[in-house]
2 protein chains.
Amino acid sequence: MAKSQDPGAGLTAFHGARHAHTRCVGRALTRAEALCRRRGARLTYMRRRVLELIWDSHKAVKAYDLLDRLSESEKSVRPPTVYRALEFLMAHGLVHRVDSLNAFVGCSGSDEQHNAQFLICQECGEVSEMDGAAIGKAVARQAAEAGFNLRRQTVELHGECPACATR
Amino acid sequence: MAKSQDPGAGLTAFHGARHAHTRCVGRALTRAEALCRRRGARLTYMRRRVLELIWDSHKAVKAYDLLDRLSESEKSVRPPTVYRALEFLMAHGLVHRVDSLNAFVGCSGSDEQHNAQFLICQECGEVSEMDGAAIGKAVARQAAEAGFNLRRQTVELHGECPACATR
DNA sequence: ATCGGATTGTTATAATATAACATTCTTACG
DNA sequence: CGTAAGAATGTTATATTATAACAATCCGAT
């Protein structure tokens, strides 16, 4: 249940230097389109463009890097444009904000509401999303014990990904 | 083991509107002094001043709020001064940065290295530090399963504290 | 065809943080 | 003591991240 049958495409795995990344991007865009259609939300040109750029790698991307890259292809783009697109994408769970990096990463989880946790490699910068049920439960339980009404969790784990750790 | 014998002074508890807060501040300063003496670190006037201001409440404080408050008592203080004091205090584990708030909170944990987790009330803004062993273990285990070499964790839980939840 | 809401453009600025170099303070040592 | 060396702070400037406010445009429903 936790393991993917397709190594390299697992949702919680780190990705090697050369995996078929086009597929990751394709999958993300397909999912975004389907999700927006279902919800009657508009995946406009700019929003799709930002999503593509975010999925350009498995690293978290800074808003102003997106801005620069957009400004290469489009005519000069301003901060609000990028932040609005990010806001939309986050609202629909297509992108996550990584608070400890002030950066954004594509959501590789399910459509459903999920408590995302992130493994962040300090070496290569790759970010891997987990839906760690055990962590989620431990968090929920401890919050409950403290009489705390839990609404949202930020779990960001910094260290070395398997590839960088063994290097 | 998880429960404090002294309600109102427990390390992982939220604090009521009127608890004897002078004691919290006093405890924090005493601890800071002892710790710095032990380590041969200098708890200078400015560092102590910043620590006091942070402990003025159990809420997370923004760097520029510290700046403003310092500028009331001292002659105009500039950002680097505050950030340097914060850097020192964080390096010695006397203060934590709450990434999801871009703000800082006094450390109420032990001197030892601890994996702090934060309960953050969205209503009143109070922040309560936990050292949730269960969470820490779940996190460590899941990281290990992913072949991830864990170095640092950011666990910030947003919701309503007991007082605000029942209101 | 056109009205109304959603989206994007544009300008300005707020909020957060650090670089780089000058000055002052403290301490250890002669 | 006096002073040299390193630590800490002051100062100036600027980088980075994010949002407010209002104008223009697009797009779908009537």
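Not measured: the values here are computed from a predicted model. All chains are named by letter (A, B, ...) in the order of the sequence lines, taking the proteins before the strands, and each is independently numbered beginning at 1.
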Exercise for review: Please check the phosphate of C:dT8 (OP1 and OP2 only) for any side-chain N or O of A:R47 closer than 4.0 Å.
Suggested key: yes

Check your understanding: How close or far is atom P of D:dT9 from atom CG of B:L86, stated in whole angstroms?
Key -> 12 Å

Check your understanding: When the nearest nucleotide of DNA chain D is assigned to B:K75 and to A:L101 on a heavy-atom basis, which residue is associated with the more 5' position?
Key -> B:K75

Review point. Pick the nucleotide of DNA chain C nearest each of A:T44 and A:N102; which residue has the one closer to the 5' end?
Key: A:T44

**Study point:** Under-4.0 Å salt bridge between A:R49 and A:E52
**Key:** yes

Point to revise | Length of the CG-P vector between A:L43 and D:dG28, whole Å | key: 14 Å

**Study point:** Contacts of A:T81 that satisfy side chain to side chain donor-acceptor pair (under 3.5 Å) - sequence neighbours left out
**Key:** none

Show me, pair by pair, the donor-acceptor contacts under 3.5 angstrom made by side chains of residues 62-69 of chain A, not counting sequence neighbours?
{"unit_1": "A:K62", "atom_1": "NZ", "unit_2": "A:L101", "atom_2": "O", "d": "2.9"}
{"unit_1": "A:R69", "atom_1": "NH1", "unit_2": "A:D56", "atom_2": "OD2", "d": "2.9"}

Study note, to complete from the structure: DNA chain D nearest-nucleotide lookup for B:R78 and B:A85: closer to the 5′ end is B:A85

Study note, to complete from the structure: B:M46 has its side chain closest, among C:dT8, D:dG10, D:dT11, to D:dG10

**Study point:** Protein-to-nucleotide contact annotation, 5' to 3' order, nucleotides 18-26 of chain C [B base; S sugar-phosphate only; - none; under 4.0 Å, heavy atom]
**Key:** BBB-----S

**Study point:** Between D:dA7 (P) and B:H92 (NE2): distance, integer Å
**Key:** 12 Å

Review point. Taking C-beta and beyond as the side chain, do A:H15 and A:H21 meet within less than 4.5 Å on heavy atoms?
Key: no

Review point. When you check the phosphate oxygens OP1 and OP2 of C:dA15, does a side-chain N or O of B:K62 lie under 4.0 Å from one of them?
Key: no

Exercise for review: Would you tell me whether A:Q153 and B:H158 have side-chain atoms, one donor and one acceptor, within less than 3.5 Å of each other?
Suggested key: no

Check your understanding: In whole Å, what is the span from the CG atom of A:D65 to the P atom of D:dA15?
Key -> 16 Å

Point to revise | Whole-Å gap separating P (D:dT16) and CG (A:D99) | key: 20 Å

Check your understanding: Just how far, in rounded Å, is P of D:dA8 from CZ of B:F88?
Key -> 7 Å

Point to revise | A:V95 versus A:F104, closest heavy-atom pair with distance | key: CG1-CB, 4.0 Å

Review point. Do you know which two heavy atoms are closest between B:A146 and A:P162, and how far apart they sit?
Key: O-CG, 3.3 Å

Exercise for review: Using only side-chain N and O atoms of B:T81, determine if any of them is under 4.0 Å from OP1 or OP2 of D:dG10.
Suggested key: yes

Check your understanding: Whole-Å distance between D:dT9 P and B:L89 CG?
Key -> 10 Å

